[in-house]
Colleague: 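First the structure, which I've put down as structure tokens, then a few questions once you've had a look.
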Amino acid sequence: MDSNPLSPLFAPLTSLRGIGPAVAKLIARAAGGGNGGGRIIDLLFHMPESYLDRSARPTIRDARAGTVATLAVEVVRHERPAHSRQPWRIVVRDATGTAELVFFRFTREAQMPPGAQLLVSGKIEMFNGKVTIAHPEHLVSAAEASRVPAIEPVWPLTAGLWPRQVAAGIAQGMERLVDLPEWHDPVLMRREKWPSFREALRAVQMPETAAPHKRMRARLAYDEFLAGQVALALVRGRVRARIGRALTGGTELRATALERFGFTPTASQIKVLAEIDADLCSDRRMLRLLQGDVGSGKTLVAALAMLRAVESGAQAALMAPTEVLAKQHHRTLSRILPVPVALLTGSVKGRERSKLLRALKDGSLPMIVGTHALFQEAVEYKDLGLAVIDEQHRFGVTQRLLMGAKGQHTDVLVMTATPIPRTLVLTQWGEMDVSRLTEKPAGRQPIRTTLHSFATMPDVLEGVARKLDEGAQVYWVCPLVAESELIDLAAAEERVTELRMRFGDRVGIVHGQQSPEVRDAALAAFAAGTIRLLVATTVIEVGVDVTRASVMVIEHAERFGLAQLHQLRGRVGRGADASFCLLLHEDWVNETARRRLTLLRDTDDGFLIADEDFRLRGGGDVLGTRQAGAPGFRLADPVEHEGLLEMAHRDAAVLLLRDPGLTSDRGRAIRWLLRLFERTEAMKTLASG
Ligand code: ADP
Ligand code: MG
């Protein structure tokens, strides 16, 4: 029925023998993956974090405590527990001595009668002077010795999920992986001594005798990088292929806007705007990344750039990742810009929506702000000259480039507060021009950041009370990280109850489960100052701008990524008041967590923080992809495989130069690679030319 040899890999995990919905859910939780996970491919791409060597086969006498070993033994007798809280003890022996197997839950009585010959594998401990293995991970009859693997991958698991379930799923999944045509250059394959994709994956997931060579992982990493680089190059090629158009309008409206804005732009804003203007004026299409730390004033730059497009007779659109943020941008732009600005989000419906869409299509509406609703198919522009995309790490690479495909000559400006480490710029942005806002508006005071363990909560509350009395406003952030959003929410609501007991009805809450109306009402009350202390789950993460808020308390700071904490912290320190950020952490946090938090306390340099975060936790967190649910790297380790990324970038460029339509043998093999890594969005650009 389906001739695509890859489709069996994209079937749900539950289509495997022995994997029901419950186990599939656990695997999905541990393995993650595209499309919400839960498919066979997601399990196959769930990389081991290390390997356990079970090849040591000592005698009982030579077994050393603390090591993992496999013992060949004979069952001597069972010592049943005297009461239910005691374990079962099974005494076993070999020619050199006796040992004990200990079970707190024992269900295998029939399998191991006295006299049975067994192979048991697990961690050796000494207990009362006896060699002991508690709950051996493998226990088979001597006749089935081959069922104890000599080398065993250690996968990241989740509570309730067992390694053997993962191993069994992977073994079945691998059977569904057919040999695919080789997509790498033969010269490269020889030089790197790489096996085929299938062999490499098998070696990593089902090693037979020894831990797989790093070469195997490198091949898989390169596969993943190359898929990404080719996809990016294809989409970018389509956007770049359209020539731009010179937007050379006047600057009268700008002068009015600056007057309304009321502040002088910083030198950095002026410089960046000049770079953008040069792009807008040229007939080359703009593809520019604007990096600027939180609070550096990106919105003004965007507003003035958009104004220029409008003054040149074209339309301009600003896309934000959340409704809250879209509304805030809409308010800001409406205040400072002397042209009408419309708002389009998912909650604009019915007659209002169709009226708005008509006005965009006939060109009577020059400027619009919205969420991703802006680039859905039904939305047509008469002449979109400039698309600005804010905080775009929340959007997929393709999404953001497709926004640029909305118009014949649309220039694209992407704004991010996340200082992206050098290594990631390539994968996420490819060849974009980069502008940087390097200074913050004058009059800002640095944010004083301090660390507090939960044990000192009374002092923290005392400090918050003092600041509230002085007229400050306070954000109180609770993390949303537990497996159940409801549990997190319960914790946040409990906190609100406590804070209300102390601070009364000055306390409000915003979270992701509220209806947009309720949430906006709370944010508005905070902006107006009727709510003085706002408890928030991470919905306030991006962009909310309340200048009087000068204190932020972040609970369980150890659970956030550093870059994310830095972004959150940027919500305060926007006015002239001295600002404070209090990071509350668990009493017991480990050394790494303490180092991370200390770094955040001691520096305000977003770039330094991002690099450090990247080093300590890998790329996914820096980009906030984990929170956004977008797939980050699964096979590649962006730190270990950094060099391969550059290589893949060049490889993709040369490939597409020689074979832009992917029609050569290698090109057709590359199409399989793109399907395997779900980069099919990019392939559509081939079909449509
Ligand atoms: P971000 O780069 O984080 O998006 P915003 O654009 O939200 O920063 O700006 C942060 C705050 O700084 C806003 O309150 C904005 O009005 C203010 N601001 C921006 N530029 C200037 C300036 N040149 N002088 C004074 N305040 C400014
Ligand atoms: Mg912003």
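Each ligand, and each atom within it, is numbered from 1 in the order the structure gives.
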Colleague: Using a 4.0 Å heavy-atom threshold (strictly under), name the region of P265 that reaches ligand 1: side chain, backbone, both or neither.
Modeller: backbone
Colleague: Give the atom numbers and elements of ligand 1 that come within less than 4.0 Å of a heavy atom of S296.
Modeller: 2 (O), 8 (O)
Colleague: Taking atom CZ of R448 as the centre, report whether more than 12 heavy atoms of other residues, nucleotides or ligands fall under 6.0 Å from it.
Modeller: no
Colleague: Going by side chain to side chain contact (heavy atoms under 4.5 Å, CB included), name the residues that satisfy it together with A257, two or more places apart in sequence or in a different chain.
Modeller: L304, L307, L337, P338
Colleague: Should K271 and L437 count as side-chain neighbours, where that means a heavy-atom distance under 4.5 Å?
Modeller: no
Colleague: Out of T299, T264, L437, T547, who gets a non-hydrogen atom closest to atom 4 (O) of ligand 1?
Modeller: T299
Colleague: Could you see which bit of M415 sits under 4.0 Å from ligand 1, with heavy atoms only: side chain, backbone, both or neither?
Modeller: neither
Colleague: Can you tell me how far apart CG (D411) and CE (M286) are? Round to the nearest 0.5 Å.
Modeller: 5.0 Å
Colleague: Heavy atom of D293 under 4.0 Å from ligand 1?
Modeller: yes
Colleague: Which ligand 1 atoms, with their elements, are less than 4.0 angstrom from a heavy-atom of Q269?
Modeller: 19 (C), 20 (N), 22 (C), 23 (N)
Colleague: Indicate yes or no: does an N/O atom of R571 lie under 3.5 Å from an N/O atom of ligand 1?
Modeller: no
Colleague: Please identify which atoms of ligand 1 are closer than 4.0 Å to at least one heavy atom of T266.
Modeller: 23 (N)
Colleague: Using a 6.0 Å cut-off, check whether atom CZ of R260 has over 12 heavy atoms from anything other than its own residue.
Modeller: yes
Colleague: Can you find a side-chain donor-acceptor pair between H329 and D390 that sits under 3.5 Å?
Modeller: yes
Colleague: Would you call G292 a ligand 1 contact, heavy-atom distance under 4.0 Å?
Modeller: no
Colleague: Counting heavy atoms only, which of P441, G297, G570 comes nearest to atom 8 (O) of ligand 1?
Modeller: G297
Colleague: Polar-atom distance check: F263 versus ligand 1, any N or O pair below 3.5 Å?
Modeller: no
Colleague: Sequence neighbours excluded, which residues qualify as salt bridge (charged side-chain N to carboxylate O under 4.0 Å, His left out) partners of E517?
Modeller: none
Colleague: Could you tell me whether the side chain of H649 reaches within less than 4.5 Å of the side chain of F225, counting heavy atoms only?
Modeller: no
